[in-house]
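Here's the structure we're looking at; comments come further down.
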Amino acid sequence: MADDGGSFGPSELGTKEYWDAVYEQEKTNFKDNGDVGEIWFGEDCMERIVKWFREGSLVQKDDRILDIGCGNGALLVEMAKEGFTSLTGMDYSQPSVDLAVAISKTENVNITYQRADILDEEDPIFSVDRFDICTDKGTYDAISLSPDDASQKRRTYVNHVHRLLKDSGLLVITSCNWTKEELTEHFSSGFELVDEIRHPTFKFGGKTGTTTTSIVFRKKDSR
Ligand SMILES: C[S@@+](CC[C@H](N)C(=O)[O-])C[C@H]1O[C@@H](n2cnc3c(N)ncnc32)[C@H](O)[C@@H]1O
């Protein structure tokens, strides 16, 4: 399948200015009334991902896990509550990192957060020990909406996640913009599909589909 950039166009969701403004507002809301903000793709979706971690055979509780574009860190908080002990969240938006740190303090969970841009090859995140697992819920989608050469940014993303992972490391990626087939094509240079986290299906015009796709890729060791 050709990687043609998808059927959706650029959007403000593909810009850092947008996310900085969103998380500044969410920081204020959290301070004022304890509202943690948006859970992207909903709580049920997040719970199905956490269930995969809890019940799956591919993961250890002490695996080094990095959430790419962690936003408010809600997924990591749930994983910490499940007993995962080595959790890091990164996001290129400083207000998002501030919010995630504040929420993790309130929840009394031990999560490391750092401001980092997955697309910046000079970022210090690429100098730390590699990770067993990366998670992404909505970040590849946001990058895909960039007004500025989204196709190149997506290719950079794939290369950089490959660099962040140990050999045979896993990427658990959730998207509402791309299908399983499209994601498999985009990541085929460095990853193989090993599992899928099923979300509810709907029927429209006689066709069955899902609004959200969560799949698990394993890093291929040689490219
Ligand atoms: C749709 S939100 C999802 C947030 C979070 N993963 C969740 O599920 O609630 C996309 C996130 O990706 C972050 N992001 C976008 N581009 C990024 C980049 N180049 N590096 C790091 N984070 C990025 C945004 O700041 C935002 O927090």
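As the structure lists them, so they are numbered: ligands from 1, and atoms in each ligand from 1.
Around ligand 1, the residues contributing at least one heavy atom under 4.0 Å from the ligand are Trp19, Tyr23, Trp40, Gly69, Cys70, Gly71, Asp91, Tyr92, Ser93, Ala116, Asp117, Ile118, Leu119, Lys137, Gly138, Thr139, Ile143.
Shown here are the ring pair (Phe, Tyr, Trp, His ring centres under 6.0 Å) partners of Phe84, two or more places apart in sequence or in another chain: Phe53. Taking the salt bridge (charged side-chain N to carboxylate O under 4.0 Å, His left out) definition, one finds that Glu38 meets it with nothing, sequence neighbours left out.
Here side-chain hydrogen bond (donor to acceptor under 3.5 Å, both in side chains) pairs that include residues 65-87, with residues two or more places apart or in two chains, are Arg54-Glu82, Asp67-Thr135, Lys81-Glu107.
At a cut-off of 3.5 Å, with distance as the only test, a side-chain donor of Asp20 or Ser93 sits close to an acceptor on the other residue. Between the side chains of Lys219 and Ser168, not a single donor N or O lies within less than 3.5 Å of an accepting N or O.
For the side chain to side chain contact (heavy atoms under 4.5 Å, CB included) with Ser146, the qualifying choice from Lys153, Arg154, Lys16 is Lys153, the only one to do so.
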